[in-house]
Amino acid sequence: MAERALPGADQEVQLQWAAMCAANYDEFIEAGVQYAGFVTTEVDGVRCTATVNVSLMDLDDRAGKNPAGFIAATLRHLGLGRVEEVRLPCGPAAMCVGNRSADIDGSLTQTGRAESVWTSFLQLHIPLINGTVLLLEMGTPTVEGWDVFSAMFAGVAKSIRLFDDNGAPLMTQG
């Protein structure tokens, strides 16, 4: 699959891509991922990769009139990373920045043994007025690429605007 998805890339890049997909596959399915993208670039001579995912999930019924605050409190309770409530052009949201480990099957590693890969991530949880949450996530296993990828992700986040079927702007919940 990596050879088909990245036909012009060398084998190392294809292996990194396959490992990134394998590390996140189960979580993608469980999280209701609607879109998944892969980014590769070079930062100061180091090849860097990242994934970008967009998911939709149901908003917990207990969220009340301040769903962004509820989501932020829940993320803090889970201890996933640094959590903040942020204001976007479309309204309030919760942001989480953290790190996690994923095990890569030995069939995808150069050593043939299972290996753990640490990924830094940035999540943006946007509560929508229809009782769902739009979750955007960027993750990268490359420390050298963190500043570049997180700055690009922040630029996208700062531009999020939502519209109804008639083109009128929508604001997120509370």
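Throughout, numbering of the chain's residues begins at 1 and tracks the sequence.
Val97 is not connected to Val156 by any chain of hydrophobic side-chain contacts under 4.5 Å among Ile, Leu, Val, Met, Phe, Trp and Tyr, and they are in different clusters. In terms of hydrophobic clustering, with Ile, Leu, Val, Met, Phe, Trp and Tyr side chains grouped at heavy-atom distances under 4.5 Å, Leu56 and Leu170 are assigned to a common cluster.
More than 12 heavy-atom neighbours from other residues, nucleotides or ligands sit within 6.0 angstrom of CD on Gln34.
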Which atom pairs, donor and acceptor, lie under 3.5 Å between side-chain atoms of residues 145-154 and protein residues at least two apart or in another chain?
| from | atom 1 | to | atom 2 | distance (Å) |
| --- | --- | --- | --- | --- |
| Ser150 | OG | Trp146 | O | 2.7 |
| Ser150 | OG | Asp147 | O | 3.4 |

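A cation-pi arrangement is absent between Arg62 and Phe70, since the terminal nitrogen or guanidinium carbon is not both under 6.0 Å from the aromatic centre and inside a 45° cone about the axis.
A donor-acceptor pair under 3.5 Å is formed between the side chain of Asn130 and the backbone N or O of Thr132.
Arg161 is linked by a salt bridge (Lys or Arg N to Asp or Glu O under 4.0 Å) to nothing, counting only residues two or more places apart in sequence or in another chain.
Taking the side chain as every heavy atom from C-beta outward, Ile71 and Asp60 never approach each other to under 4.5 Å. Residues Arg47 and Asp10 are in side-chain contact: their nearest non-hydrogen atoms beyond the backbone lie under 4.5 Å apart. Side-chain contact between Thr119 and Thr51: absent, with no pair of heavy atoms (C-beta onward) separated by less than 4.5 Å. A 4.5 Å side-chain heavy-atom check between Val143 and Ser120 finds every atom pair outside the cut-off. Residues Val46 and Thr142 are not in side-chain contact: their nearest non-hydrogen atoms beyond the backbone lie 4.5 Å or more apart. Side chains of Ile160 and Leu136 form a contact here, defined as non-hydrogen atoms less than 4.5 Å apart.
Of the options Leu134, Leu124, Val33, a side chain to side chain contact (heavy atoms under 4.5 Å, CB included) to Val54 is made by Leu134 and by none of the others.
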